[in-house]
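One structure is given here, and the rest of the page talks about it.
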Amino acid sequence: EDKVVQSPLSLVVHEGDTVTLNCSYEVTNFRSLLWYKQEKKAPTFLFMLTSSGIEKKSGRLSSILDKKELFSILNITATQTGDSAIYLCAVSKWGGSNYKLTFGKGTLLTVNP
Amino acid sequence: NAGVMQNPRHLVRRRGQEARLRCSPMKGHSHVYWYRQLPEEGLKFMVYLQKENIIDESGMPKERFSAEFPKEGPSILRIQQVVRGDSAAYFCASSPAPISGANVLTFGAGSRLTVL
């Protein structure tokens, strides 16, 4: 069975800290790994990673994929209170059902002022 | 340009009642996907619909759950005779075309069902 495991499950930091969120996966026919940010509204897309070792970056957020070791990390530098959210990791597969994302349980990040 | 709209945002039902959750996809999107997030669990795929067609319902519970996406109007996820285990957040996503390449699912804010 396909599996996505995120760690830690929750994390509390102070504004300005740097955090690293982890996502490991076991899936057949891996296609891509996606990160979403879930606040009290729609999960919003952050990154899609398909190739190992290529960092994706958006402002203070960055992410990288290791297809050999089957994991990805999401880094957030100089955290702000607005970064408080649940960060979701999901994987998609090759084949006819690439809309069937397998999600991890998420990491709840709390950034305190 | 409104995103994926779901309503109601919160719904409370007693055991045995019916729940109807609605999803209006983004403008120009004709593909709709429903996911369920049980407490302490990740989102899980339920069903994929195009207008008037169910493409893949492999994630739907075999009984009491149904989904439709009529030619006009929103997609509806219907849960009959709800039980406490149906309490969850139900998310809808849409896409303009079948997911491929760099397309990603755009999610709505979810409908949170509580069964008393």
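Atom OG of Ser24(B) is separated from atom CE of Met5(B) by 7.5 Å, given to the nearest 0.5 angstrom.
Considering only residues two or more places apart in sequence or on other chains, Asp66(A) meets the side chain to side chain donor-acceptor pair (under 3.5 Å) condition with none of them.
Taking chain A as the reference chain and counting heavy-atom pairs below 4.5 Å, the highest number among Met46(B), Gln6(B), Gln37(B) is found for Gln37(B).
For Tyr33(B) and Phe45(B), the ring centers are positioned 6.0 Å apart or more. Ring-centre distance between Tyr87(A) and Tyr36(A): not below the 6.0 Å cut-off.
Using a 4.5 Å cut-off between heavy atoms, Gln6(A) does not touch chain B at all. Looking at Leu88(A), the atoms closer than 4.5 Å to chain B (heavy atoms on both sides) all sit in the side chain, from C-beta outward.
When only modelled atom types and interatomic distance are considered, Ser62(A) and Lys56(A) share no side-chain donor-acceptor pair under 3.5 Å.
Side-chain N or O atoms of Ser95(B) include none that pairs as donor or acceptor with a backbone N or O of Leu105(B) at under 3.5 Å.
In this structure, Tyr99(A) and Lys93(A) have side chains that are not in contact, with every pair of non-hydrogen atoms separated by 4.5 Å or more.
Taking non-hydrogen atoms and a 4.5 Å limit, the residue list of residues 55-93 of chain B in contact with chain A, ordered by number, reads Asp56(B), Ser58(B), Phe91(B).
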